[in-house]
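Ligands are counted one by one from 1 in listed order, and the atoms in each one are counted from 1 as well.
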Amino acid sequence: MSLVRTNLAILGLQWGDEGKGKVVDLLSPHFHQVVRFQGGNNAGHTVVVDGQSIALHQVPSGALHPGCFLVVGNGVVLNLDVFQQELDRLKARGFDLTGRLMLSDRAHIILPHHIALDLWREGGANKIGTTGRGIGPAYEMKAGRMGVRLGDLLHPDTLAERIGHGYEEVRLRLGAGAADLPTLDAIVEGLLRTAKPLLPFIGDTQTHLVTAWERGDRILFEGAQAALLDIDHGTYPFVTSSNCSLGGLFTGTGLSPKALDKILGIAKAYTTRVGSGPFPAEMHDAIGERLRQVGKEFGTTTGRPRRCGWFDAPITAHACRTNGVDGLAIMKLDVLDGLDEVGLIVGYRTGEGTLTTKLPSCAADWKELKPEVKMFKGWASTRGVTRHGELPAEAHAYLEALVESVEVPIAYLSTGPDRQEGCIYPGTFLEPLLA
Ligand code: IMP
């Protein structure tokens, strides 16, 4: 392990599914602590090891590296059934997390009635295409001071009362639909049963992290979802219910901004989105379909086909500004291999024909924007390239234009799903970190 101490955040710059899992998995052997700070089991990180893939939803991606201590911060919402299943799956593959995992006593629990409410809303006219995992209602309960936290599990006698407030509100809202809800007693019983093996993992993660920082541990912060799904800075209301941008890291861990040294922003070499909402890049043609098939663009969590389009520089530049990104990790460049031409969205035409790179704040205003696409000559293959000097000249030209539009340098380029397939750019902050 190198001696350079850098605490690093890894954040998605598009609408999620950028390949953060691969980057975290690649970097985590160089860190002592790997931390999740927002989101829940709406996230899905696939890591590939020796050709085998493991899908993780709530367990930090560093799980596969025995030297990493894993932290689930207070900003996360946890489905305990799913979490236990992930622990069991990891154990069956030889990754036992005993002694190297801590779950914040302040993290909120996703309960069955949160999921019921999420699904009930998604069945109505105002659906936004959520993952149906109860994420929004769990965060609503948190903000409405009706949430149930992991620490509450240590007080089983008051649990029914704590859950009862939110449960009653959901029952009232669901009306006749509430008939299918489990009873409050059944929810409490089920929760206590599921939580039992997890109790030893619950702790004060803020103190744990502050102590680790003071002792000089290297800390890797693993973002879930991405900037355009951020509840404040994304395409509201078609967003998730947490701050997946940089601010969420600090509220979601209790650490000071001074504890962070570098920010690596992750973006695919093209753009995808699942669920409804603004997506100017979307291509309904054969190229869009090709990106979906070659890039295997189907949700890890829900299996839904992802909407696909060219790399959208204005949204990525917005995400870089919001997150203070120091370097880009460009993922899945090889998915563009073999195309005659590759497009890059450099701006949008408004209804009046004006060219802009400014993102509207209202979903309605996105509708009239048409992407302004610059086309580049395609290339044969980048698959498995490990030195950026070995990239085809056409791929270089495309990446240079991308960097110019986003105004942030590339630090890492991924050229295939396996850990070995990619290159660290020389002279960037990642190089000494991984030395
Ligand atoms: P929720 O997070 O389940 O409430 O869903 C809100 C929106 O965020 C929907 O459009 C989801 O498809 C999207 N979303 C949530 N998590 C992810 C993710 O990890 N990747 C991509 N999209 C996501």
Residue and atom name of the nearest protein heavy atom (relative to atom 18 (C) of ligand 1), distance in Å to one decimal:
N42 O, 3.7 Å
Side chain to side chain donor-acceptor pair (under 3.5 Å) partner of T382, the single match among D334, D337, T415
D337
Is R273 in polar range of ligand 1, meaning some N or O pair under 3.5 Å apart?
no
Within a distance under 4.0 Å of any heavy atom of V274, pick out the atoms of ligand 1 and give their elements.
10 (O), 12 (O), 21 (C), 22 (N)
Quick look: D118 vs ligand 1, heavy-atom contacts under 4.0 Å, and the answer is neither
Between F238 and ligand 1, find which residue part has any heavy-atom pair under 4.0 Å and reply side chain, backbone, both or neither.
neither
the protein heavy atom lying closest to atom 5 (O) of ligand 1 turns out to be T130 CA, 3.3 Å
What orientation do H233 and H318 show, parallel under 30°, tilted 30 to 60°, or perpendicular over 60°?
tilted
Could you check whether any side-chain N or O of N243 sits under 3.5 Å from a backbone N or O of G248, counting only pairs where one atom can act as donor and the other as acceptor?
no
Look at the aromatic rings of H388 and Y425 and report parallel, tilted or perpendicular, splitting at 30° and 60°.
tilted
What part of R304, side chain from CB on, backbone N/CA/C/O, both or neither, has a heavy atom under 4.0 Å from ligand 1?
side chain
Any nitrogen or oxygen of R133, main chain or side chain, under 3.5 Å from a nitrogen or oxygen of ligand 1?
no
When you measure from the heavy atoms of A224 to every atom of ligand 1, does any distance fall below 4.0 Å?
no
Once rounded to the nearest 0.5 Å, what's the spacing between atom CD1 of I163 and atom CG of L184?
6.5 Å
For atom 2 (O) of ligand 1, the closest protein heavy atom turns out to be T240 OG1, 2.6 Å
Partner residues of H208 under the ring-ring contact (aromatic ring centres under 6.0 Å, His included) criterion, sequence neighbours left out:
F69
Of all the atoms in ligand 1, which lie at a distance below 4.0 Å from a heavy atom belonging to G275?
10 (O)
Should Q225 be listed as contacting ligand 1, given a heavy-atom distance under 4.0 Å as the test?
yes
Option passing side-chain contact (heavy atoms from CB on, under 4.5 Å) with L13 (candidates L328, I266, I330)
L328
Give the atoms of ligand 1, by number and element, whose distance to some non-hydrogen atom of D17 is under 4.0 Å.
20 (N), 21 (C)
Short list, please: which atoms of ligand 1 are under 4.0 Å from a heavy atom of W15?
21 (C), 22 (N)
With the threshold set at under 4.0 angstrom, would you say G129 reaches ligand 1 through any of its heavy atoms?
yes
Are side-chain N/O atoms of N42 and Q225 paired as donor and acceptor at under 3.5 Å?
yes
Tell me which pairs pass salt bridge (charged side-chain N to carboxylate O under 4.0 Å, His left out) where either residue lies in residues 359-376, with sequence neighbours left out.
R349-E372
Checking heavy atoms under 4.0 Å, the part of L229 that sits near ligand 1 is side chain
May I ask you to identify the nearest protein heavy atom to atom 3 (O) of ligand 1, giving residue, atom name and distance to one decimal place in Å?
T131 OG1, 2.6 Å
Relative to each other, are the rings of F37 and F221 parallel, tilted or perpendicular (30° and 60° limits)?
perpendicular
Nearest protein heavy-atom contact for atom 6 (C) of ligand 1: which residue, which atom, what distance?
V239 O, 3.3 Å
Would you say that V34 contacts S61 through its side chain, given a criterion of any heavy-atom pair below 4.5 Å between the two side chains?
no
